[in-house]
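Heads up: the structure comes next, in structure tokens.
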Amino acid sequence: MRIVVTGASGQLGSYVLDRLDGSGHEVIGWSRSTGGSRGRTPIEPVDLIDPDALAAALDRTNPDAILHLAAISRVDRVLADPALASTVNADASGTIADWASSNARRLVFTSTDLVFDGSRAWWREDDSPRPILGYGRSKQEGERRVLRHPSHLVARLSLLYGPSRCGRPTFLDAIIDALRRRESRSLFLDEFRTPLDYATAAEALARLVESPEIIGILHVGGVERVSRFEMLRRLAAHAGLPVNLLRGNRQDDAPGPEPRPSDVSLDTSRLEEWLPALDRPTLEGGLERCLR
Ligand SMILES: NC(=O)C1=CN([C@@H]2O[C@H](COP(=O)(O)OP(=O)(O)OC[C@H]3O[C@@H](n4cnc5c(N)ncnc54)[C@H](OP(=O)(O)O)[C@@H]3O)[C@@H](O)[C@H]2O)C=CC1
Ligand SMILES: Cc1cn([C@H]2C[C@H](O)[C@@H](COP(=O)(O)OP(=O)(O)O[C@H]3O[C@@H](C)C(=O)[C@@H](O)[C@H]3O)O2)c(=O)[nH]c1=O
């Protein structure tokens, strides 16, 4: 298959390109600005804010399948520029979805656990999204545009973690660096997720793009529900770092412009049923997998 991976220069995109390298597929990465290559995969700049350029790039590249990862993914960036977020996360996703549907091509769109309001645990695919962050709203609108076409797939990812392969530090990298410098960090005790490592997320997406029978919405998360504090405490301990420098705090102690949903843990029973051979590790196992 010829597969276009949008967001190829991002955190998840780098892992996806590594996973697909040598898979026998012809893979073309797209990014906003970064051209060049990663391994044997070319990366082309295709700015999603220009719908005509996007449509022309789709026609020219003519992929059999699209793994659509590109997004304005930082919550604070969406808050600062909601119009840009709407263009990239919703409108461009709609353009890609319409093209894929008109040409009978496979589309996997990555959405987020942050489409839920966080008022309880273990969200299922048929629960109603009610995002409380602008980022979640823009991704929910992207989901809507994609789901107008019943043959597409929305893969809702939970919080991803692991070392960066793209040059920009991840949240985990930043915490590890702080601990190495013997600096203390505060992490929320009252923010619950089902984190998944980047390598396993990439593995799941590679399998999903090859499985056209899997359509609709699928939750792609980890097996453990943990607080932000617990997650980083375990990963730092596994890396042999001084976990006593990590402090637990509460969202009320560090109010931001947009409070985070308290619990967006994802129920992944459907993932177990639909991709039974996908091996999902513990938090520590996920870190090891990313380092391989
Ligand atoms: N990270 C996480 O914990 C989670 C992520 N997700 C979703 O997974 C996907 C990947 O996230 P992640 O890898 O962390 O994101 P990153 O922010 O690391 O990467 C974003 C990617 O999107 C590209 N991009 C941004 N704007 C444009 C544009 N105007 N035109 C073309 N490309 C653009 C960037 O290109 P460039 O580098 O050139 O700017 C980059 O390749 C996103 O859809 C996100 O919503 C879902 C749940 C959790
Ligand atoms: C100020 C403060 C922040 N935090 C945490 C909460 C906040 O969510 C986090 C910021 O780190 P992150 O940027 O990794 O977290 P976040 O913005 O949640 O990352 C998101 O990325 C996008 C792409 C998604 O789709 C989401 O699922 C999610 O993974 O820091 C604490 O734990 N304690 C604190 O005192």
Side-chain angles (χ1 to χ4, degrees), residues 5-17 29-36 38 43-50 53-54 57 67-79 81 84-85 87-89 91-93 96 108-116 118 131 133 135-136 138-139 142-143 154-162 164-175 184-191 193-198 201-202 205 219-222 227-232 246-256 258-262 264 266:
V5 179
T6 74
S9 53
Q11 301 291 1
L12 177 59
S14 309
Y15 278 85
V16 167
L17 257 50
W30 285 0
S31 74
R32 179 181 55 85
S33 54
T34 329
R38 180 176 182 85
I43 301 182
E44 298 171 3
V46 177
D47 194 335
L48 301 185
I49 65 172
D50 180 344
L54 173 56
L67 249 176
H68 178 34
L69 317 178
I72 305 299
S73 71
R74 283 202 3 238
V75 168
D76 54 349
R77 250 195 103 203
V78 174
L79 190 64
D81 196 342
L84 175 68
T87 303
V88 175
N89 296 358
D91 299 343
S93 302
I96 292 171
V108 177
F109 167 68
T110 51
S111 188
T112 172
D113 50 4
L114 291 175
V115 295
F116 294 112
L133 303 171
Y135 167 69
S138 71
K139 295 294 284 189
E143 288 190 359
V154 169
R156 277 195 198 126
L157 307 176
S158 53
L159 177 63
L160 302 175
Y161 70 91
S164 173
R165 291 187 185 174
C166 76
R168 278 179 283 114
T170 62
F171 187 68
L172 176 65
D173 293 326
I175 296 291
S184 167
R185 285 290 179 274
S186 295
L187 297 160
F188 291 140
L189 293 158
D190 57 353
E191 189 203 10
R193 317 289 283 262
T194 37
L196 185 66
D197 65 282
Y198 286 110
L205 292 169
H219 284 177
V220 180
S227 70
R228 175 82 58 169
F229 173 78
E230 180 66 6
M231 173 188 171
L232 273 307
L246 294 178
R247 315 241 183 272
N249 67 347
R250 302 201 167 266
Q251 292 219 46
D252 285 348
D253 300 330
E258 281 187 310
R260 304 287 166 129
S262 306
V264 290
L266 297 181

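Order of listing sets the numbers, starting from 1, for every ligand and every atom in it. Side chains included, hydrogens not; waters and symmetry mates left out as well; all remaining heavy atoms used.
The nearest heavy-atom contact from the protein to atom 18 (O) of ligand 1 is Gln11 N, 2.9 Å. Remark: minimum distance from atom 39 (O) of ligand 1 to any protein heavy atom is reached at Arg32 NE, 3.1 Å. Among protein heavy atoms, the minimum distance from atom 25 (C) of ligand 1 is reached at Ala71 O, 3.5 Å. Among all non-hydrogen protein atoms, the one lying nearest atom 30 (N) of ligand 1 is Leu48 N, 2.9 Å. Atom 19 (O) of ligand 1 has Gly10 CA, 3.3 Å as its closest protein atom, hydrogens excluded (heavy atom only). Nearest protein neighbour of atom 5 (C) of ligand 1, counting heavy atoms only, is Leu160 CD1, 4.1 Å. Of the protein's heavy atoms, Ser186 O, 3.0 Å lies nearest to atom 33 (N) of ligand 2. Among protein heavy atoms, atom 41 (O) of ligand 1 sits closest to Ser9 OG, 2.7 Å. At the top of the distance list for atom 10 (C) of ligand 1, counting protein heavy atoms only, stands Leu69 O, 3.5 Å.
Put simply, atom 13 (O) of ligand 2 has no protein non-hydrogen atoms near it, under 4.0 Å away.
Counting the atoms of ligand 1 from 1 in the order shown, those under 4.0 Å from a heavy atom of Thr110 are 8 (O), 9 (C), 42 (C), 43 (O). Near Glu191, with a cut-off below 4.0 Å to any heavy atom, the atoms of ligand 2 are 6 (C), 8 (O). Distances below 4.0 Å separate heavy atoms of Thr112 from the following atoms of ligand 2: 24 (C), 25 (O), 26 (C), 27 (O). Within ligand 2, counting atoms from 1 as listed, the ones closer than 4.0 Å to a heavy atom of Val75 are 17 (O). For ligand 2, the atoms sitting less than 4.0 Å from at least one non-hydrogen atom of Ala254 are 35 (O), numbered in the order shown with element in parentheses.
Enclosure of atom CZ in Arg185 by more than 12 non-hydrogen atoms of other residues, nucleotides or ligands within 6.0 angstrom is indicated.
Ligand 1 lies less than 4.0 angstrom from a heavy atom belonging to Ser158. Contact annotation: Val46 has at least one heavy atom less than 4.0 Å from an atom of ligand 1. Contact between Arg193 and ligand 2 is present, with at least one heavy atom of the residue lying under 4.0 Å from the ligand.
The proximity of Arg156 to ligand 1, defined as any non-hydrogen pair under 4.0 Å, does not occur for either the backbone or the side chain. Looking at Lys139 against ligand 1, only its side chain comes within 4.0 Å, counting heavy atoms. With a heavy-atom cut-off of 4.0 Å, Ser73 touches ligand 1 through its side chain alone. Contacts with ligand 1 closer than 4.0 Å are made by no heavy atom of Phe109, backbone or side chain. Under 4.0 angstrom from ligand 1, there are no non-hydrogen atoms of Ala92. Contacts between Leu114 and ligand 2 below 4.0 angstrom, taking non-hydrogen atoms only, involve the side chain exclusively. The side chain of Asn249, and not its backbone, has at least one atom closer than 4.0 Å to an atom of ligand 2 (non-hydrogen atoms only; side chain from C-beta on). Both the backbone and the side chain of Ser73 come within 4.0 Å of ligand 2, counting heavy atoms alone. At a heavy-atom cutoff of 4.0 Å, ligand 1 is contacted by the side chain of Val88 but not by its backbone. At a 4.0 Å heavy-atom cut-off, ligand 2 touches Asp113 through the side chain alone.
Remark: among candidates Glu258, Arg156, Arg260, the nearest residue to atom 7 (C) of ligand 2 is Arg260, based on non-hydrogen atoms. When the heavy-atom distances from atom 34 (C) of ligand 2 to Tyr135, Tyr161, Phe188, Phe171 are ranked, the shortest goes to Phe188. Nearest to atom 12 (P) of ligand 1 by heavy atom, out of Val115, Leu12, Asp50, Val5, is Leu12. Nearest to atom 47 (C) of ligand 1 by heavy atom, out of Leu157, Leu159, Leu54, Val220, is Leu157.
Between the side chains of Thr170 and Gln11, no donor N or O sits under 3.5 Å from an acceptor N or O. Donor-acceptor pairing under 3.5 Å is lacking for the side chains of His68 and Thr110.
Looking at ligand 1, you'll find an N or O of Ser33 within less than 3.5 Å of one of its N or O atoms.
Shortest non-hydrogen contact noted between Gly142 and Phe109 is C-CE2, 3.8 Å.
Among the candidates Ser14, Pro45, Ser31, the single residue satisfying the side-chain contact (heavy atoms from CB on, under 4.5 Å) test with Ser9 is Ser31.
Between Arg156 and Asp113 there is no salt bridge, since no side-chain N of the basic residue sits under 4.0 Å from a carboxylate O of the acidic one.
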